[in-house]
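Structure first, then comments.
To find a chain, count down the sequence lines: A is the first, B the second, and so on, and within it residues start at 1.
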Amino acid sequence: MKNGDHLFLVDGSGFIFRAFHAIPPLNRKSDGLPVNAVSGFCNMLWKLLTDARDTSVGVTPTHFAVIFDYSSKTFRNELYDLYKANRSAPPEDLIPQFGLIRHATRAFNLPCIEKEGFEADDLIATYTRLAEKAGASVTIISSDKDLMQLVTPNVSMYDSMKDKQISIPEVIEKWGVPPEKMIDLQAMTGDSTDNVPGIPGIGPKTAAQLLEEYGDLDTLLARAGEIKQAKRRENIIANADLARLSRQLVTLRTDTPLDVPLEELHLEPQDGPRLVAFLKAMEFTTLTRRVAAATDTDADVVEPAAVPVEWGADARGPDLDKAAAAPASSSAGEAAPAAVSQVASTGEATDATPEALAQSRAALFASATIDHSRYVAIRDLPTLDAWIADAKDAGLVAFDTETTSLDAMQAELVGFSLALADYGKDPSGTVIRAAYVPLIHKTGVGDLLGGGHAENQIPVREALSRLKVLLEDPSVLKVAQNLKYDYLLMKRHGITVQGFDDTMLMSYVVDAGNGTHGMDALSERWLGHKPLAYKDMTGSGKSSVTFDYVDIDRATAYAAEDAEVTLRLWHVLKPRLVAKGLVRVYERLERPLVPVLAHMEERGITIDRQILSRLSGELAQGAAALEDEIYKLAGETFTVGSPKQLGDILFGKMGLPGGSKTKTGQWSTSAQVLEDLAAEGHELPRKIVDWRQMTKLKSTYTDALPGFVHPETKRVHTSYALAATTTGRLSSSDPNLQNIPVRTAEGRKIRTAFIATSGHKLVSADYSQIELRVLAHVADIPQLRQAFADGVDIHAMTASEMFGVPVAGMPSEIRRRAKAINFGIIYGISAFGLANQLSIERSEASDYIKKYFERFPGIRDYMENTKAFAREHGYVETIFGRRAHYPDIRSSIPSHRAFNERASINAPIQGSAADIIRRAMVKIEPALSEAKLSARMLLQVHDELIFEVEDADVERTIPIVVSVMENAAMPALDMRVPLKVDARAAMNWDEAH
DNA sequence: CCCCAACCGTA
DNA sequence: GTACGGTTGGGGG
């Protein structure tokens, strides 16, 4: 080895642990062998061997080795028998991968180095110093802090998962000390994962500070008596020996006897067939293809290698070894003769009634095997036209799009898939066929530059013109999973889908509360089939590609399968909807909301970035100033945002009385606890509360929102989830516009940044007390009904009933308590919760509840009846018949049971209110267009709708919106309580609200 | 890279 | 005490 050479040393043992946790589970298709870490390892090696210059390492290796730990017992155990004693056994799925990774290393033609009695880190240290002495530079592929002591101007580390080089400045940035002081720092802080003791109470911050002051550990120990803080001084003096022992443990040995001399680490050329054989055995198709291409190997003629699998001490049996050696299954999708897959026959009778036919078809569609090899890619117009004609004949087609993004406003259409059922003479003759229409797939893989347009794809415009005819024909039922996404995407291409069903929403109506409603979950639940994973097509994380870079055969298997699964799910779910009497809920509260929400998302809302940027600056200044004061009060710097560190300061160092504990046993530092401490006159907690508010507003809102401004529309487009909650509420994300601050004056400033475009106003219309009104209706409480009919202050009325105080001149504290009780009722009240909310004794809260039930016995009846209903049926219902399931309501664990009881008391109230605003939303667009008004609905925040309205239309819009909302329950239901809506117009959301 | 815990914003 | 989603810190070993 000579000057200018570059040695790469991979910390194989470190990598495998980190990769195992960092990379999602990946199992070999043919036998389920876990291979996620092996996959990450192979991809990393390949990248370094071919592409190192393009990573942040920036150089090409001349020498290369992978280093492993030999076993857990090393010379360090002789120094300290507890070294690494608290390591638990590795996860079961990791065990076979240890051996596989060594096989992988050899398949890559790289030295695989380990030595009994030494850790990988010692071998790395020894090679590193030898290479350095020879004039070479070294890159250690690891992010382990234990190796940072090796960093010098010639030696750096590389975190391959973050593509981050770790040199001297990075070490200083992270630890506050240069690499040569890392040993002393680690000796002081210790390491709980390796069971290195260190000095108790000294963390990295303190250690760095002490090293800064005293230079090194020995000096510090010698002069420990000078330390001002009494506790710290005693600690260090008492534990000096532990620190010295720890230093021995963390010091890496640079004199490890080497079996493989440095010279033999010289990088040799790849053995293409050998590596391909290994990768084929692992069934890493993408990497196999890449390696085959780069090494000029014909992958088709290479047999998969026979790789033995070691399951460790408690092996799962030899059959896995056999399976491991078996050849990989052939890949799907090449020139299939026909796109048909036979639906399995269950021998069910074919009764003539529609219900019976549907039931027997449901069983058939649920029980077939899915065969990817039968899918076709449609790559010419005549074929597409034929499929569309067949879809029109059938009157039913499953439809799915493939795109470049989860964000429908930014996504580019890459292709689409269709699935059709030909029912045949009787159900057992039914066949499903599915096809994918690739539109803009590229050749080559995404991470190589360029990649041209793949051949034989129908031009997008032609395909869309044919698709438009199908999608806009209301007589053909389009079935999709999460149609809102595809609807919005198609709308952006000038296509308005008409005549559709959505399997996600069907599932949601049937099963809210019973698991999620994504396609993979539904497929497993109803079809017993696990569809191909999107991640397996595109990869994930930094190395992922967009779907247009997935090769067309694989894309066809994936996309056509999605359409087929959707079609099958529809056949299973539709009869269930009928059988449970939920068709009306689906058709009136779910399906019609798809276009309504898609339109709202497409419109978006304007935000004023200047306002946010100014607020951001103010918050940054405020937070920085508070930080200074916080450090001063704490007597040291620390990460204010870390509840753990904060807890140590407040309740350890400063000795303040701790309030509650979190479920992990940490002292809670919640706002409630800090407020209590502040009330006792402590300065620091108040500052923390203020700091938290400022940083919260900054990070969650003022900093984040501008990032959501769409590059073309210049507006913010949230995404509403229709099937995410158990109760029937919507949720909003990316960004969440349902949690924009309003309670504090500081927070409300953020709302001023939500503005109407010029010539327009924002109109906000919100239901007043809708949940209490629903409660008054469902529980039929005379006093509540009367109060709402009379329009009196409901909380004051409650207080008056309970405490005998007249409404006029009601003290605010009494009203506050009544208000908390009213909310508590809606939440399925408990004495514990009410006591917490009001900061009173539980016994006092109990008395309140008792009193409340005496005055409003109908509410106790409602709560008891609801619990009994939930226990009997496993679900509860809203006033419109929507169901929310609570499968754990019969749990034998009292706390779980109580939780489910409270939730099932809340669900009919929250859910009925959600149903009401859903009905309003469905009715509002037709009402506005009937009145020829320009108002456009933009946002929903559970009990509030926000519109953007031309100035001239504002006055006429408000009464229409109010009327639609107040009458939204009708005619389905005549409520015993009036609904009340307040509406206002202004330039921004803060003033309109 | 991903997940959890803690915290906090909304109705 | 209900229902959500987002951010940060910290762990994994």
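- Note on ring orientation: taking the six-membered ring where Trp is involved, the planes of A:His885 and A:Tyr875 are tilted (angle from 30° to 60°).
- Base contact: A:Arg743 has a heavy atom under 4.0 Å from a base atom.
- At the heavy-atom level, A:Ser733 lies under 4.0 Å from the strands shown only through sugar-phosphate atoms.
- A heavy-atom distance below 4.5 Å is found between the side chains of A:Asp11 and A:Ser13.
- Near DNA chain C, meaning a heavy atom under 4.0 Å from it, residues 909-917 of chain A has A:Gln910 in order of number.
- Comparing atom distances between the A:Tyr886 side chain and each of C:dG1, C:dT7, C:dA3 picks out C:dA3 as nearest.
- Distance from the side chain of A:Phe17 is smallest for C:dG13 among the nucleotides C:dG10, C:dG13, C:dG5.
- When heavy atoms are screened at a 4.0 angstrom cut-off, A:Thr726 is found touching the sugar-phosphate backbone but no base atom.
- Within 4.0 Å (heavy atoms only), A:Ser668 reaches sugar-phosphate atoms of the nucleic acid but no base atom.
- Across all strands shown, A:Ala704 has heavy atoms under 4.0 Å from sugar-phosphate atoms exclusively, and none from any base.
- Using a 4.0 Å heavy-atom distance criterion, A:Leu834 is classed as a base contact.
- Counting any heavy atom pair closer than 4.0 Å across all strands shown, A:Ile23 reaches no nucleic acid atom.
- Using a 4.0 Å heavy-atom cutoff across all strands shown, A:Phe899 reaches sugar-phosphate atoms only and no base atom.
- Heavy atoms of A:Gly824 sit under 4.0 angstrom from at least one base atom.
- The phosphate of C:dG10 (OP1 or OP2) has a side-chain N or O of A:Ser642 nearer than 4.0 angstrom.
- A nucleotide of DNA chain B counts as in contact with chain A when one of its atoms lies under 4.0 Å from a heavy atom; the first and last such, 5' to 3', are B:dC1 to B:dA11.
- Atom OH of A:Tyr852 is separated from atom OG1 of A:Thr798 by 5.5 Å, given to the nearest 0.5 angstrom.
- When the P atom of C:dG13 is taken as reference, atom CG of A:Leu147 falls 18 Å away, rounded to whole Å.
- Nucleotide C:dG12 holds its P atom 16 Å from the CE atom of A:Met161, rounded to whole Å.
- Distances shown here put a side-chain N or O of A:His21 below 4.0 Å from the OP1 or OP2 atom of C:dG13.
- Remark: aromatic rings of A:Phe20 and A:Phe41 are distant, center separation not under 6.0 Å.
- Taking the charged nitrogens against the carboxylate oxygens, A:Arg76 and A:Asp122 do have a contact shorter than 4.0 Å, which makes a salt bridge.
- With rounding to the nearest 0.5 Å, the separation of CZ in A:Arg882 from CD in A:Glu590 is 4.5 Å.
- Aromatic ring orientation, A:Trp989 versus A:Phe754: perpendicular (interplanar angle above 60°, classes split at 30° and 60°).
- Within a 6.0 Å radius of CD in A:Glu636, other residues, nucleotides and ligands contribute more than 12 heavy atoms.
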Exercise for review: Kindly determine whether A:Arg729 and A:Glu771 satisfy salt bridge (charged side-chain N to carboxylate O under 4.0 Å, His left out), including the steps that lead there.
Suggested key: CA-CA 13 Å; A:Arg729 274 193 178 179; A:Glu771 294 190 348; 3.4 Å; yes
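- Using a 4.0 Å heavy-atom criterion, one finds that A:Arg729 contacts the bases of the nucleic acid, with or without backbone contacts as well.
- Nearest nucleotide to the A:Gln645 side chain, out of C:dG10, C:dT2, C:dG5: C:dG10.
- Atom-to-atom, CD1 of A:Ile829 to C1' of C:dA3 comes out at 17 Å; the value is rounded to the nearest Å.
- No contact: A:Asp144 has no heavy atom under 4.0 Å from any strand.
- For A:Ser731 and C:dG5, the shortest distance from a side-chain N or O to OP1 or OP2 is below 4.0 Å.
- Distance from the side chain of A:Lys696 is smallest for C:dG6 among the nucleotides C:dG10, C:dG6, C:dA3.
- By the 4.0 Å N-to-carboxylate-O rule, A:Arg686 lies close enough to A:Asp690 to be salt-bridged with it.
- Using a 4.5 Å cut-off on side-chain heavy atoms (C-beta onward), A:Lys749 and A:Thr702 make no contact.
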Review point. How would DNA chain C look in dot-bracket form, 5' to 3', counting Watson-Crick and G-U wobble pairs with both distances under 3.5 Å and writing | for bases paired to another strand?
Key: .|||||||||||.
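- The separation between A:Asn739 atom CG and C:dA3 atom C1' is 13 Å, rounded to whole Å.
- With 3.5 Å as the limit, one finds a donor-acceptor pair spanning the side chains of A:Ser616 and A:Asp703.
- Side chains of A:Thr752 and A:Asp990: no donor on one and acceptor on the other come within 3.5 Å.
- Nucleic acid contact class of A:Ala820 (heavy atoms, under 4.0 Å, all strands): base.
- More than 12 heavy atoms of other residues, nucleotides or ligands lie within 6.0 Å of CZ in A:Arg816, so this atom counts as buried by the packing criterion.
- Among the protein residues, A:Ala19 comes within range of no part of the nucleic acid, since none of its heavy atoms lies under 4.0 Å from any strand.
- Atom-to-atom, CZ of A:Phe823 to C1' of C:dA3 comes out at 13 Å; the value is rounded to the nearest Å.
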